[in-house]
Amino acid sequence: MSLQICQPGILAPLAAVGRSLAFRLKPDAPLQASLCRLRDGFDPDWGVLGFGLPLTRALSSEILGLRAFPALAGPGCSVPSTQQAAWVMLRGEDRGMLFDHSERVLKMLEGSLELDDATDTFRYGAGRDLTGYEDGTENPHGDEARNAACAGGEGPLAESSFAAVQRWAHDLRQFRSFPPERRDHIIGRRASDNEELDSAPETAHVKRTAQESFEPAAFMVRRSMPWATAHQQGLEFIAYTRSLDSFDTMLSRMAGLEDGIVDALFTFSRPLTGGYYWCPLVKDGSLHLRALGL
Ligand code: HEM
């Protein structure tokens, strides 16, 4: 009997380092040949791989529930869409592993998918955002994580997932200039002990995003990682969900489109990128691309 699972990197704990790669399609390129190389050669232990709408449309295939990342304009904030054809989140214990895996993926995609953007990420402390706040506390675990991140059932999309990927740039100087109580009110948790603050204002990030406050509940598995260069820093926000509806409604609420209240994160951080990707299941150790006609 064949073994079908969602890509293992979706539910695995954060690796020490990561690399987020986005690819654009070359016009009139031999796309199917590259994807066959990927199907046969990509080791799911290297990381998670997803395909965006430009790629599924180029193949004239339809993945139910996949759409382009929405560009939003809320009161005083904007959320860009930089939807690409494919995305790979490599994981490793050191940068040497990332280098080797990147080389292999680039070779497989050569000729049809061009690297558009690459950002190296890292685990900060035991899973903190660069603001110092713990990130991932309210993630579901075990079977609940699998249910939130991966589609169930028997259909062609069973065990596959959707990724929402957004690079946020933090103004840490601004954030650190705020008194500690204001910082806690931006997140909605106390930095010192990670306690959720009932007294936080409605703008607090965890009040805007409380998963059970949505109808239906918007559970997702967040696997975000910090990134930093000498000049800029922030969070590579990555969430896996069985339906992009959860992410859509949450992001709209954060941007103030539901009730005019904008998430306080926007006082020190802003999104630079945004993409939605379908992450195919793994069958007998290889990516299963039947839904793309391969
Ligand atoms: C600058 C970008 C972001 C930062 C620094 C950030 C940070 C955090 C932190 C520190 C927490 C509290 C601890 C936890 O439960 O993980 C949290 C919770 C959460 N965040 Fe974010 N986040 C960001 C963007 C987003 C985005 C774009 C979404 C989805 C649209 C999101 C969804 C959530 C959810 C669902 C929770 C848990 C809420 C709950 O059920 O209590 N976050 N985030």
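Read the numbers this way: they start at 1 and go in the same order the structure lists the ligands and their atoms. Here the structure is a predicted model, which means the values were calculated and not measured.
- At least one heavy atom of His170 sits under 4.0 Å from some atom of ligand 1.
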task: Mind running side-chain contact (heavy atoms from CB on, under 4.5 Å) on Gln211 and Glu138 for me, showing each step along the way?
output: CA-CA 9 Å; Gln211 294 159 102; Glu138 289 295 334; 3.8 Å; yes
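- Around atom CZ of Phe99, no more than 12 heavy atoms belonging to other residues, nucleotides or ligands sit under 6.0 Å away.
- Taking distance alone, with nitrogen or oxygen atoms compared against 3.5 Å, Thr137 approaches ligand 1 more closely than that limit.
- Here Arg190 does not pair with Glu195 in a salt bridge; the nearest charged N to carboxylate O distance is not below 4.0 Å.
- Among protein heavy atoms, atom 40 (O) of ligand 1 sits closest to Gln211 NE2, 2.8 Å.
- Nearest protein neighbour of atom 13 (C) of ligand 1, counting heavy atoms only, is Glu134 O, 3.3 Å.
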query: Where do Asp135 and Arg222 land on the salt bridge (charged side-chain N to carboxylate O under 4.0 Å, His left out) test, with the steps shown first?
result: CA-CA 8 Å; Asp135 193 12; Arg222 286 167 292 130; 3.2 Å; yes
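- Within ligand 1, counting atoms from 1 as listed, the ones closer than 4.0 Å to a heavy atom of Ile187 are 10 (C).
- Residues Cys36 and Leu294 have side chains in contact (heavy-atom distance under 4.5 Å, counting atoms from C-beta outward).
- Atoms of ligand 1 lying under 4.0 Å from at least one heavy atom of Asp129, given by number and element, are 5 (C).
- Ring centroids of Phe175 and His170 are separated by 6.0 Å or more, keeping the two rings apart.
- Take a cut-off of 2.8 Å around atom 21 (Fe) of ligand 1: the protein N, O or S atoms inside it are His205 NE2.
- Judged by the 6.0 Å and 45° rule, Arg128 forms no cation-pi pair with Tyr124.
- Taking the six-membered ring where the residue is Trp, the centroids of Phe247 and Tyr276 are separated by under 6.0 Å.
- Every N/O-N/O distance between Glu196 and ligand 1 stays at or above 3.5 Å.
- Residues satisfying the salt bridge (charged side-chain N to carboxylate O under 4.0 Å, His left out) test with Asp28, not counting sequence neighbours, are none.
- Geometrically, ligand 1 and Gly136 share a nitrogen or oxygen pair separated by less than 3.5 Å.
- Residue Phe247 has at least one heavy-atom neighbour below 4.0 Å for each of these atoms of ligand 1: 29 (C), 30 (C).
- The pair Arg208-Asp263 does not meet the salt-bridge criterion, since no charged nitrogen lies less than 4.0 angstrom from a carboxylate oxygen.
- Close contacts between ligand 1 and Ser269 involve ligand atoms 1 (C) [criterion: under 4.0 Å to a heavy atom].
- Counting atoms of ligand 1 from 1 in the listed order, those under 4.0 Å from a heavy atom of Leu235 are 2 (C), 3 (C), 4 (C), 5 (C).
- Residue contacts with ligand 1, taken as heavy atom pairs separated by less than 4.0 Å, do not involve Glu212 at all.
- Of all protein heavy atoms, the one closest to atom 41 (O) of ligand 1 is Glu138 CG, 3.2 Å.
- Side-chain heavy atoms closer than 4.5 Å link hydrophobic residues (I, L, V, M, F, W, Y) into clusters, and following such links, even through other members, never connects Phe162 to Leu281.
- When the options Asp100, Asp94, Asp117, Asp120 are evaluated for a salt bridge (Lys or Arg N to Asp or Glu O under 4.0 Å) with Arg19, the one that passes is Asp120.
- Proximity to Gln166 (heavy-atom distance under 4.0 Å) selects the following atoms of ligand 1: 27 (C).
- Tyr277 and Phe51 have their aromatic ring centers separated by at least 6.0 angstrom.
- For Arg189, no nitrogen or oxygen atom sits less than 3.5 Å from a nitrogen or oxygen atom of ligand 1, counting backbone and side chain alike.
- Taking the six-membered ring for Trp, Trp168 and Phe266 have ring centres closer than 6.0 Å.
- Each of the atoms 10 (C) of ligand 1 lies under 4.0 Å from some heavy atom of Tyr133.
- Ligand-side atoms of ligand 1 in range of Ala210: 39 (C), 40 (O), range being under 4.0 angstrom from any heavy atom.
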